[in-house]
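Notes follow the structure.
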Amino acid sequence: MVKKAAEDAYTPSARRLERERFKRARARRATAVAACSTLITAAVLFLAVVSSPGWQRTRETFLSGHYAREALPKVLDGLWLNLRLLVVCGAAVLVLGLLIAVARTLRGPVFFPLRALATAYTDFFRGLPLVICLLMVVFGVPALRLQGVTTDPVLLGGTALVLTYSAYVAEVFRAGIESVHPSQRAAARSLGLSARQTLRHVILPQAVRRVVPPLLNDLVSLQKDTGLVSIAGAVDAVYAAQILSSKSFNYTPYVVAGLIFVALTIPMTRFTDWITARTDRRRAQGGIV
């Protein structure tokens with residue numbers, strides 16, 4: 001039996017082995033060409049920058065090692081506020097955006113006022129620039145002198161972020177809900193599920209899975225825009241860099257803050273790309289309804 005199994009073992013043909021060797025050689029050649037072209041392009045760009053007339057002054061103003069070491073600890077302290085805003089505002093945006101999307105997809109004439117309010121909300125805050133929304137909330141709310149309403153710039157800035165991004169996320173969720181085929185809803189109702197049960201157990205699970213990649217893209221944008229709370233006077237990474245730059249008239253702290261935001265954004269972006277690719281593969285294989 002063992003001898004027969006050994007005889008029946010698959011042995012690739014010479015043509016297949018030759019084809020695989022050719023593919024490996026072509027892959028190595030493509031990798032080498034890509035590496036060489038990248039190195040040449042980087043070298044040309046580097047030489048173009050360092051040979052420019054103002055390079056020495058630019059390096060001292062934007063790329064000073066002394067000011068970078070001085071700014072890094074304080075910028076990192078301010079970054080903690082940005083991370084807290086990302087977590088809290090991100091959770092609030094997801095919840096509020098989902099509620100607005102559900103309100104826009106409710107059926108029946110009795111829900112028309114709710115649909116109209118949800119539509120007006122998304123239209124207004126998607127059209128209003130985030131900077132203007134921040135200024136209106138941060139400076140307008142304290143001007144009302146309402147009892148019990150906070151004047152903390154961090155809370156007001158976070159509220160402006162939630163108001164703006166909830167409108168964008170609501171449209172993402174609504175697109176996911178409307179992408180679910182009507183037969184799914186009809187099948188659920190035919191099994192005796194109520195409209196609320198159908199939405200909760202059938203429609204929303206499918207819709208949320210489909211819109212995970214664009215939701216992650218919105219969270220990446222939110223992570224960057226948390227730096228705008230510095231407009232309100234909150235000492236985050238951007239405002240800490242601004243304070244240091246105003247003392248020394250050197251803009252290296254801004255570069256340090258920008259590089260830190262980039263270092264945070266790139267992993268989230270790559271994770272979003274991985275989720276998107278995995279979703280596409282599963283959809284192509286029929287794994288997602």
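In this text the structure is predicted, and so the values were computed from the model without any measurement. These numbers come from the heavy atoms of this one structure, side chains and all, not from hydrogens, waters or symmetry mates.
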Would the distance check show the side chain of Asn217 and the main-chain N or O of Thr272 forming a donor-acceptor pair, the cut-off being under 3.5 Å?
no
Ignoring hydrogens and geometry, is there a side-chain-to-backbone donor-acceptor pair from Ser245 to Gln242 under 3.5 Å?
no
Is it true that Arg21 and Glu18 have a side-chain N and a carboxylate O under 4.0 angstrom from each other?
yes
Which residues satisfy the ring pair (Phe, Tyr, Trp, His ring centres under 6.0 Å) test with Phe125, sequence neighbours excluded?
Tyr121
Salt bridge check, Asp273 against Arg270: does any charged N sit closer than 4.0 Å to a carboxylate O?
yes
The single option from Thr150, Val149, Thr151, Asp152 that satisfies side-chain contact (heavy atoms from CB on, under 4.5 Å) with Pro142 is Thr151
Residues Gln197 and Arg200: side-chain donor-acceptor under 3.5 angstrom
no
Any donor-acceptor N or O pair under 3.5 Å, side chains Thr105, Glu178:
no
Taking salt bridge (Lys or Arg N to Asp or Glu O under 4.0 Å) as the definition, give me every residue that meets it alongside Asp123, ordered by chain and number, with sequence neighbours left out.
none
Take atom CZ of Arg84 as the centre, draw a 6.0 Å sphere, and report whether it contains more than 12 heavy atoms from other residues, nucleotides or ligands.
yes
Keeping the roles fixed (side chain from Thr252, backbone from Ser64), state whether a donor-acceptor pair exists under 3.5 Å.
yes
With a 3.5 Å cut-off and no angle check, do the side chains of Ser179 and Arg210 form a donor-acceptor pair?
yes
Near Phe271 CZ, under 6.0 Å, is it more than 12 heavy atoms from other residues, nucleotides or ligands?
no
Under 4.5 Å side-chain heavy-atom separation, chaining through any Ile, Leu, Val, Met, Phe, Trp or Tyr, what else clusters with Leu63? Say none if it is isolated.
Phe46, Leu47, Val49, Val50, Trp55, Phe62, Tyr251, Tyr254, Val255, Leu259
Distance col, row Thr226:OG1 vs Leu228:CG, nearest 0.5 angstrom, shows 8.0 Å
So ring-ring contact (aromatic ring centres under 6.0 Å, His included) across residues 158-210, not counting sequence neighbours, yields none
Only pairs at least two apart or in different chains count here, so list each ring-ring contact (aromatic ring centres under 6.0 Å, His included) that has a residue in residues 80-116.
none
Salt bridge (charged side-chain N to carboxylate O under 4.0 Å, His left out) partners of residues 99-120, not counting sequence neighbours, each pair once:
Arg104-Glu171
